[in-house]
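Below is one structure; the comments refer to it alone.
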Amino acid sequence: MSLDAYHHIAEKPATGQPLVFTFHGTGGDENQFTGLIRQILPEAGLVSPRGNISEHGANRFFRRKAEGVYDMDDLAAQTIRMTDFIAAHKAANPDAPVYALGYSNGANILASVLFKAPELFDRVVLMHPLIPWQPEENPGLAGVKILITAGRNDPICPLPETETLSSWLSAQGAKLEVNLHDGGHEVRQQEIDATAAFLRE
């Protein structure tokens, strides 16, 4: 396990506060959601990695062959790398609950880690995820609290894909909440409000 597998921001939580991981979207960086988390949970710890893959200069967490077509071999390798990174920071903060939030590409790498190692997390927010593959069944997801937010008219993460993922997570026994708005791939205020309520619950 490596605490420094990614360029990242790391801040320790106050006593009794959670450790929150954030994962940016394509072209974002480690600062994309830090301000939001500090507003929602000002005493929480924070770990925010920058994607280590460059797509024409845009930061990502794994390679893709086209829009919505993932390099599955690279995704598998990057999932192992990220799982080890998260586990290392969790081990370094053994008394803190672990929350995580990812948007778009960040939601996809977070989901991939969640599918493999659900025991790492207490709460997970997936904003506009796109999972164009069938995950393996995982009873370890039972009881994990998950919020999915998405746009009903998202051209990048179509609603049927969101519904398929939601149904699959529910079938695994996850404690799932879904918040949909009428827009596209943008993050809207109702998502932020739902995320704040979910993380403060």
Distance only, no hydrogens: is a donor on one side chain within 3.5 Å (strictly under) of an acceptor on the other, for [X] and [Y]?
X	Y	result
Thr149	His128	no
Glu191	Asn179	no
His185	Asp154	yes

Side chain to side chain contact (heavy atoms under 4.5 Å, CB included) partner of Leu41, the single match among Leu199, Leu46, Leu36: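 Among Leu199, Leu46, Leu36, the one that satisfies the side chain to side chain contact (heavy atoms under 4.5 Å, CB included) with Leu41 is Leu199.
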Check [Y] with [X], please: is the shortest side-chain N to carboxylate O separation under 4.0 Å?
X	Y	answer
Arg63	Asp74	yes
Arg38	Glu11	yes
Asp182	Arg152	yes

Any idea which heavy atoms bring [X] and [Y] closest together, and the distance?
X	Y	value
Met127	Ala107	O-CB, 3.5 Å
Pro13	Asn93	CD-OD1, 3.3 Å
Thr26	Ala58	CG2-CB, 4.1 Å
Ala10	His8	CB-CD2, 3.7 Å

Please determine whether the number of non-hydrogen atoms from other residues, nucleotides or ligands lying under 6.0 Å from atom CD of Glu163 exceeds 12. yes
Report the C-alpha separation of Tyr103 and Phe23 in whole Å, then their side-chain angles, then the decisive distance to 0.1 Å, and conclude whether the ring-ring contact (aromatic ring centres under 6.0 Å, His included) test is met. CA-CA 6 Å; Tyr103 165 64; Phe23 304 93; over 10 Å; no
From Gln32 CD over to Ser48 OG, what is the distance, rounded to the nearest 0.5 angstrom? 8.5 Å
Does the Lys NZ or Arg CZ of Arg64 fall within the cation-pi geometry relative to Phe62 - under 6.0 Å from the ring centre and within 45° of the axis? no
Cationic tip of Arg81 within the cone over Phe61's six-membered ring, i.e. under 6.0 Å and within 45° of the normal?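 Relative to the ring axis of Phe61, which defines the angle, Arg81 lies outside at least one limit.
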With sequence neighbours excluded, what pairs up with Glu201 under the salt bridge (Lys or Arg N to Asp or Glu O under 4.0 Å) test?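 By the salt bridge (Lys or Arg N to Asp or Glu O under 4.0 Å) rule, Glu201 matches Arg123.
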Would you check if the distance from the ring center of Tyr6 to the ring center of Phe85 is below 6.0 Å?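 Ring centroids of Tyr6 and Phe85 are less than 6.0 Å from each other.
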Using the side chain to side chain donor-acceptor pair (under 3.5 Å) rule, take Glu30 and Asn59 through it: C-alpha gap first, then chi angles, then the decisive distance, then the call. CA-CA 10 Å; Glu30 65 275 17; Asn59 298 319; 5.7 Å; no
